[in-house]
Amino acid sequence: MTQVTDSTTALPSTGFLIGTDGSDNSSQPKKYSVAEVAPAITGTLLIASLAEFNAAIAAAVASDGWLILRPGTTISIDAPLAAVTSGNLRIRGNGSTIVYTGADVVDAGVGATNSTHGVIKFENAAGECVIEGLTIVRSTAPTAVGKLHGISISKGTRAEIKGCVVNHMHAVGIAIRRTPVVSISESKFSRNAYAGHTTCGGAVTVDRNEYIYNGLPDTGAGYNMAFASAQFGDEVACAPSSVTNNVMRGVVRKGIDIHHGQSVLISGNVISGQVTETLTQPSMIYAIAEGADKDVRDIMVTVNEIDIDDSLSVGSIGIYVGGPNATTGLSALGEFIVTSNRVKGVRGHGIYAGGSSDALSGQVDNITIKDNEVSMGDSSAAIGISAGRGSGSSTNVRMLNVINNDVTVGAIAHSCYSLHGGAAVVRMIGNTSTSRGAGPWGVKTLVDTRLVMRDNDIYGEYQADLDAATLNKSGNYFSGVAD
């Protein structure tokens, strides 16, 4: 049975006000008084059943207007709302809440990543979906990854989510695909079973959201947010996109996860709390290719703060950009810029940026890791900053710059800096490092081209596994001894 409660007694007893947007703009939401809404009302409904709730949405869509909820309204439903497959869906929640008390959907053909089921579902290639100020919450926290999302949007012209809260859903809080323009802002995602929100392809803006432990540990799930292109065969890069000024209080497996991203800015995000994944290596910021001809390029990661408790994991990565098949089948593309970030507490790699180890891959024009502060947790595998091609013998990075970074490693560590070569020119200039213990390598290099190493002050020794063809070293200190 659908129930409606209202904490605002001054407003009329109708459950919804349905009207056009009037002179107001959807990007500037406000709460409506009766006088403000009355001129635009096309009908008023008291919602007493799921059927009437669906009718209210249908009336708003039919009038090309807004579904406007009274402030403080709480609606409990035990089944998903009817899908909207025509027109535009616009909901202004004004802080109202939908409590979902029903079961997960039964659909043998789908899983969490390709499901289009949602408590609210929109699917219209010719329409937009705008939802503001609405909370959707499952009545109990999930114990397994399911198939029902809080909001499912696909094939729209535009999707805008602002000031919403989505918690405890069976699969993803908000799942969006085949929509060329997406904006998610000022919203909160907590303990959804698979991910806070996912998007597949298009230009995506994610700004000023909050995330708390989305995903279930050791299930293969666990993303606060995730971008991809190929989950549904769309094959459209996430470009251009930005992830800015978000706060993550706890990470399961991935904080910010971007596949096939191009022209992406990741800036001003704060990631803290405990990492709960124990079986696979978690990453706080992760931008990687998605396979053949779905490269990652032109990625800037700047002014982010990472400070985590990594004690449960096998050793997290703070920032990871590049990776296998970074530019497969493509020539001389893109750059990775990682600058002015602070990373603390991870026990795997503090920062890694690199091209592919595949000799058939294309090239990355430039990798620059500059002005970062890294403080590692204790682990024999801990590496402060690692850059280059990974492994293999291909030269697929035209220029690798590691400049003015500061690394502190723990009492147990592998190395402060590790340069894997694979670049026409490697420049390591003005870096520093310290250790809370003894024994790590200061700098390990596997460089088969030109290496310029100048004015570095590094704790630990220098080990060259493979000498550079051209070596230019000056003004360096290793454990206080001039080199």
Side-chain angles (χ1 to χ4, degrees), residues 211-215 217-218 222-224 247-257 266 269-288 301 303-323 338-354 369 371-388 390 402 404-420 431-444 457-461 463 479:
Y211 306 81
I212 300 175
Y213 289 118
N214 289 283
D218 305 328
Y223 305 85
N224 277 339
V247 175
M248 298 186 176
R249 307 183 196 280
V251 173
V252 176
R253 186 166 177 258
K254 298 285 176 63
I256 299 169
D257 183 50
I266 303 171
N269 302 287
V270 177
I271 303 175
S272 63
Q274 189 168 57
V275 179
T276 59
E277 175 77 9
T278 67
L279 297 180
T280 61
Q281 186 171 52
S283 296
M284 304 306 102
I285 296 175
Y286 192 69
I288 194 171
V301 183
V303 201
N304 299 284
E305 300 271 346
I306 298 171
D307 186 353
I308 62 167
D309 177 353
D310 196 22
S311 59
L312 296 179
S313 86
V314 296
S316 295
I317 299 173
I319 298 171
Y320 187 111
V321 182
V338 182
T339 180
S340 301
N341 302 283
R342 297 180 62 187
V343 179
K344 183 178 180 181
V346 302
R347 297 183 302 115
H349 292 257
I351 296 173
Y352 171 84
I369 303 174
D371 296 329
N372 300 284
E373 297 181 20
V374 177
S375 179
M376 301 294 293
D378 291 347
S379 170
S380 60
I383 301 175
I385 292 177
S386 179
V402 180
N404 294 340
N405 302 284
D406 181 70
V407 170
T408 300
V409 296
I412 304 172
H414 178 276
S415 56
C416 299
Y417 296 86
S418 181
L419 307 182
H420 299 284
N431 300 281
T432 59
S433 72
T434 56
S435 173
R436 296 189 295 271
W441 294 106
V443 178
K444 285 178 65 70
D457 189 352
I458 305 295
Y459 179 91
E461 299 180 12
Q463 181 190 44
S479 293

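Worth saying up front: this structure is predicted, and the values here are computed from it rather than measured.
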Check your understanding: Is there a donor-acceptor pair closer than 3.5 Å between any side-chain N or O of Asn224 and the backbone N or O of Tyr211?
Key ->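 Answer holds: no.
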Review point. About how many Å separate NE2 of His349 and NE2 of His414, when rounded to the nearest 0.5 Å?
Key: 8.5 Å
Review point. Between Ile256 and Ile266, which heavy-atom pair has the shortest distance, and what is it?
Key: CD1-CG2, 4.0 Å
Review point. Do you know the tightest heavy-atom contact between Val275 and Ser316?
Key: CG1-OG, 3.8 Å
Review point. Ser415 and Val409: which non-hydrogen atoms are nearest, and at how many Å?
Key: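 Taking Ser415 first and Val409 second, the nearest heavy atoms are O-CG1, 4.0 Å.
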Point to revise | Pairwise distance OG(Ser435) to CD1(Ile458) - rounded to 0.5 angstrom | key: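 Here the interatomic distance stands at 12.0 Å.
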**Study point:** Rounded distance (nearest 0.5 Å) linking atom CD1 of Ile351 with atom CE of Met284
**Key:**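 The CE atom of Met284 is 13.5 Å from CD1 of Ile351, to the nearest 0.5 Å.
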Exercise for review: Could you check Asn304 against Ile285 for side-chain contact (heavy atoms from CB on, under 4.5 Å), going step by step and ending with a plain yes or no?
Suggested key: CA-CA 9 Å; Asn304 299 284; Ile285 296 175; 3.9 Å; yes
Practice item. Can you tell me which residue pairs pass the salt bridge (Lys or Arg N to Asp or Glu O under 4.0 Å) test with a partner in residues 307-320, sequence neighbours excluded? Key: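 Counting only pairs at least two positions apart or across chains, the salt bridge (Lys or Arg N to Asp or Glu O under 4.0 Å) contacts touching residues 307-320 are Asp310-Arg347.
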Exercise for review: Check whether any side-chain heavy atom of Val251 sits under 4.5 Å from a side-chain heavy atom of Ile271, and report yes or no.
Suggested key: yes
Practice item. Apply the side-chain hydrogen bond (donor to acceptor under 3.5 Å, both in side chains) test between Asp406 and each candidate in Thr434, Asn431, Thr432; give the one that qualifies. Key: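 Going through Thr434, Asn431, Thr432 one by one, the side-chain hydrogen bond (donor to acceptor under 3.5 Å, both in side chains) with Asp406 is satisfied by Thr432 alone.
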Check your understanding: Would you say the side-chain atoms of Asn372 pair up with the backbone N or O of Asn405, donor to acceptor, closer than 3.5 Å?
Key ->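 The answer is no, because no donor-acceptor pair under 3.5 Å joins these two groups.
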Review point. Between Ala411 and Asp378, what is the shortest heavy-atom contact and its length?
Key: N-OD1, 3.0 Å
Study note, to complete from the structure: Residues Ile412 and Ser380: closest non-hydrogen pair is CG2-N, 3.4 Å
Check your understanding: Got a sec: does the CD of Glu461 have more than 12 other heavy atoms crowding it under 6.0 Å?
Key -> no
Practice item. Run the numbers on Ile306 and Arg342 for side-chain contact (heavy atoms from CB on, under 4.5 Å), then give the verdict. Key: CA-CA 6 Å; Ile306 298 171; Arg342 297 180 62 187; over 6 Å; no
Review point. Has the side chain of Gln281 got a donor or acceptor atom that lies under 3.5 Å from a matching backbone atom of Gly315?
Key: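 A pair under 3.5 Å: yes.
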Review point. Do side-chain atoms of Ser433 reach the backbone of Tyr459 as a donor and acceptor pair under 3.5 angstrom?
Key: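 It does hold such a pair.
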Check your understanding: With side chains defined as the heavy atoms from C-beta onward, is the minimum distance between Thr278 and Val314 less than 4.5 Å?
Key ->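 SC-SC contact between Thr278 and Val314 ruled out.
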Point to revise | Backbone of Ala381 reached by a side-chain donor or acceptor of Ser379 within 3.5 Å | key: yes
Practice item. Before giving the answer on side-chain contact (heavy atoms from CB on, under 4.5 Å), spell out for Tyr213 and Gln274 the whole-Å C-alpha distance, their side-chain angles and the decisive distance to 0.1 Å. Key: CA-CA 9 Å; Tyr213 289 118; Gln274 189 168 57; 3.4 Å; yes
Point to revise | Intermediate values then yes/no, side chain to side chain donor-acceptor pair (under 3.5 Å), Arg436 and Thr408 | key: CA-CA 7 Å; Arg436 296 189 295 271; Thr408 300; 5.5 Å; no
Exercise for review: Measure the spacing between CH2 of Trp441 and SG of Cys416 and express it to the nearest 0.5 Å.
Suggested key: 12.0 Å
Review point. So, the side chain of Tyr417 versus the backbone of Ile383: is there a donor-acceptor pair under 3.5 Å, distance only?
Key: no
Study note, to complete from the structure: Rounding to 0.5 Å, atoms CG (Asp371) and OG1 (Thr339) come to a distance of 5.0 Å
Check your understanding: Between Val374 and Gly350, which heavy-atom pair has the shortest distance, and what is it?
Key ->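 Scanning both residues completely, I find the closest heavy atoms to be CG1-CA, 4.0 Å.
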Check your understanding: Is the backbone N or O of Leu279 less than 3.5 Å from a side-chain atom of Asp218, with the two atoms forming a donor-acceptor pair by type?
Key -> yes
Review point. Judged by atom type as modelled, is there a donor-acceptor pair below 3.5 Å linking the side chain of Asp257 to the main-chain atoms of Tyr223?
Key: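 No; judged by distance alone, with no hydrogens or angles, the pair does not exist.
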Exercise for review: With rounding to the nearest 0.5 Å, note down the distance linking CG in Asn404 to CD in Glu373.
Suggested key: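 With rounding to 0.5 Å, CG (Asn404) is 11.5 Å from CD (Glu373).
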Review point. Going by the salt bridge (Lys or Arg N to Asp or Glu O under 4.0 Å) test, which pairs reach into residues 275-288, not counting sequence neighbours?
Key: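 Sorted result for residues 275-288: empty, none.
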Check your understanding: Tyr286: what forms a ring-ring contact (aromatic ring centres under 6.0 Å, His included) with it, not counting sequence neighbours?
Key ->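 Per chain and number, Tyr286 pairs via ring-ring contact (aromatic ring centres under 6.0 Å, His included) with Tyr320.
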Check your understanding: Passes side-chain contact (heavy atoms from CB on, under 4.5 Å), Asn341 versus Ile319? Steps please.
Key -> CA-CA 9 Å; Asn341 302 283; Ile319 298 171; 3.7 Å; yes
